[in-house]
There are 2 protein chains.
Amino acid sequence: MRSYGQYCGLARALDVVGDRWTLLIVRELLLTGSARYTDLLNGLPGIATNLLAERLRDLEEAGLVVREEAPPPVATALFRLTPRGQALEEVIAAFGRWAAPLMGEINPGDEVRPQWYLLPIRLYLRDASPDKPPMAIQLLMDGEPLLIETAGDGTLRSRPGSAESPDATLAGAPHVIMGLLAGRITLAQARKRGLHFRGEHGALRRIARRHSASRPTGPGR
Amino acid sequence: MRSYGQYCGLARALDVVGDRWTLLIVRELLLTGSARYTDLLNGLPGIATNLLAERLRDLEEAGLVVREEAPPPVATALFRLTPRGQALEEVIAAFGRWAAPLMGEINPGDEVRPQWYLLPIRLYLRDASPDKPPMAIQLLMDGEPLLIETAGDGTLRSRPGSAESPDATLAGAPHVIMGLLAGRITLAQARKRGLHFRGEHGALRRIARRHSASRPTGPGR
DNA sequence: CCGCATCCGGGGCGATACTG
DNA sequence: CAGTATCGCCCCGGATGCGG
């Protein structure tokens with residue numbers, strides 16, 4: 001990208017990550033930890049293949065991404081964020097908070113990937129009872145299963161994957177599952193909107209908003 | 001800008017403010033409160049006039065900026081951020097923190113505007129002695145004078161302008177003044193690098209870093 | 001199949017000139 | 001002062017090809 005040529009933090013940051021698609025690529029790498037080229041293509045619907053390759057080169061050159069050759073059984077290249085790249089999580093989190101009022105409805109034609117919810121889960125939700133034993137909630141939207149796990153310190157970890165015996169399992173539309181987790185709708189309302197719930201209700205009650213601003217933390221889920 | 005077409009907070013945010021120059025325009029409006037078209041042009045060296053006009057239209061349409069007609073003595077249009085636009089300060093602050101390691105040296109050809117320092121001052125510095133009486137520090141870089149004032153709650157306010165009798169006056173190169181305020185260099189070192197200081201040393205000592213991470217808060221300034 | 005490179009059309013961007 | 005108009009260029013998007 002052409003430099004702004006300004007001695008200003010914002011301008012310098014945008015010189016590095018201001019190109020189209022760049023921050024979305026960082027988002028994908030934040031979600032998945034490490035990803036193959038094809039995984040990235042799948043997580044970035046709409047990107048042209050040459051642009052992805054070019055951005056990955058730029059990110060590598062800027063020291064935000066490293067390319068690793070996976071061992072023989074896989075024998076493919078993996079892309080991973082450096083600590084410097086991971087530090088962009090705060091920027092992306094700030095964008096996400098700002099965008100919250102924009103996330104009302106899914107526009108027709110909008111793409112959705114379940115993995116995109118991994119970031120909001122660990123950034124904006126927390127474990128309300130960190131002293132209780134660890135637990136896991138299995139999410140089944142379309143496509144790959146996601147897993148939420150308590151970290152023990154009040155935060156949540158989220159990753160693609162499955163647990164053998166999760167404390168609770170939620171299956172349904174992404175919008176409904178997230179509405180339930182964020183406390184915007186009750187379990188009963190979610191079930192009316194097609195959610196399948198199995199497991200402990202207590203597991204669900206442990207999920208709270210991090211900066212509970214609007215809704216009072218009381219019963220009602 | 002072309003939409004990413006993804007139901008994802010980051011993507012939706014970038015749909016609105018991901019265009020080139022857009023966030024820098026928001027930066028200018030955050031700094032100045034309200035600005036004329038020409039002020040923006042001056043604060044955004046390198047932007048094309050048609051792009052500035054187009055971005056201002058887009059920002060107005062997105063509800064981030066309002067255009068006001070100034071009363072007759074001025075009789076010119078003023079641009080101002082809406083609350084929704086001001087909320088982008090957190091995003092810009094996150095970018096600024098991430099960019100801190102990139103701000104080592106001023107590249108040849110880089111433009112500098114004193115007003116760009118207003119944001120780092122109020123975002124990353126604080127009043128270490130909020131119980132003491134209010135004070136003001138006058139900054140004189142090139143161009144327009146800047147003013148730092150204590151807000152009484154431990155935060156600092158910063159704006160373009162002059163005080164009649166500031167508690168301290170700092171005149172010199174932007175880089176030197178900011179290094180001194182952030183505690184990266186001592187007053188003696190700053191003086192060697194051309195800084196002119198007048199006033200109370202105590203005023204200077206009241207300025208501290210907000211999230212003092214690396215340097216222990218001790219004497220040494 | 002994976003990880004690109006190449007080619008091409010269209011539009012966003014940059015620079016300058018011009019105008020009410 | 002506050003933009004609009006114009007023009008060239010390069011970035012981007014989409015499709016296809018191609019070596020490992």
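Model, not experiment: these values are computed from the prediction. A, B, ... follow the sequence lines: proteins, then strands. Residue 1 opens every chain.
Residues that satisfy the salt bridge (Lys or Arg N to Asp or Glu O under 4.0 Å) test with B:E144, not counting sequence neighbours, are absent from this structure. A:F95 is linked by a ring pair (Phe, Tyr, Trp, His ring centres under 6.0 Å) to B:F95, counting only residues two or more places apart in sequence or in another chain. In terms of the side-chain contact (heavy atoms from CB on, under 4.5 Å) criterion, residue partners of A:T155 (sequence neighbours excluded) are, by chain and number, A:A151, A:D153, A:R210. The salt bridge (Lys or Arg N to Asp or Glu O under 4.0 Å) check on B:R12 picks up A:D110, with sequence neighbours excluded. Every residue meeting the salt bridge (Lys or Arg N to Asp or Glu O under 4.0 Å) condition with B:D39, not counting sequence neighbours, appears here in chain and number order: B:R36.
A:E111 has its side chain out of reach of B:Y4: every pair of non-hydrogen atoms, C-beta onward, lies at least 4.5 Å apart.
One atom, CG of B:N42, and another, P of D:dC1, lie 10 Å apart when rounded to the nearest Å. Following rounding to the nearest Å, A:R36 (CZ) and D:dG20 (P) show an atom-to-atom distance of 21 Å. Going from atom CG of B:L52 over to atom C1' of D:dA5 covers 16 Å, rounded to whole Å. Rounded to an integer number of Å, the gap from A:Y37 OH to D:dG20 P is 17 Å. The distance between atom CD of A:E54 and atom C1' of D:dC11, rounded to the nearest whole Å, is 8 Å.
Rotation axes derived from the C1' atoms of the five outermost pairs at either end of the helix from C:dC1-D:dG20 to C:dG20-D:dC1 lie 30° apart, to the nearest 10°.
Within the structure, every pair that satisfies the side-chain hydrogen bond (donor to acceptor under 3.5 Å, both in side chains) test and touches residues 157-171 of chain A, not counting sequence neighbours, is listed here: A:E149-A:R159. For residues 82-95 of chain A, the set of pairs meeting the salt bridge (Lys or Arg N to Asp or Glu O under 4.0 Å) definition, not counting sequence neighbours, comprises A:E89-A:R122.
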Under 3.5 Å, which donor-acceptor pairs link side chains of residues 45-54 of chain B to any protein atom two or more places apart or in another chain?
none

Side-chain donor-acceptor distances from residues 170-179 of chain A under 3.5 Å, at least two apart:
| residue | atom | partner | partner atom | Å |
| --- | --- | --- | --- | --- |
| A:H175 | NE2 | A:G104 | O | 3.3 |
| A:H175 | NE2 | B:Y7 | OH | 2.9 |

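Put simply, chain B comes within 4.0 Å of DNA chain C, heavy atom to any atom, from C:dC13 to C:dA17, going 5' to 3'.
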Listed pairs, N/O of protein and of nucleotides 13-18 of chain D, under 3.5 Å:
| residue | atom | partner | partner atom | Å |
| --- | --- | --- | --- | --- |
| D:dG13 | OP1 | A:R20 | NE | 2.4 |
| D:dG13 | OP1 | A:R20 | NH2 | 3.1 |
| D:dG13 | OP2 | A:W21 | NE1 | 2.8 |
| D:dG13 | O3' | B:R2 | NH2 | 3.4 |
| D:dG14 | OP1 | B:R2 | NH2 | 2.8 |
| D:dG14 | OP2 | A:G46 | O | 3.4 |
| D:dG14 | O6 | A:N50 | ND2 | 3.1 |

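The main-chain N or O of A:G161 is found under 3.5 Å from a side-chain atom of A:Q138 such that the two form a donor-acceptor pair.
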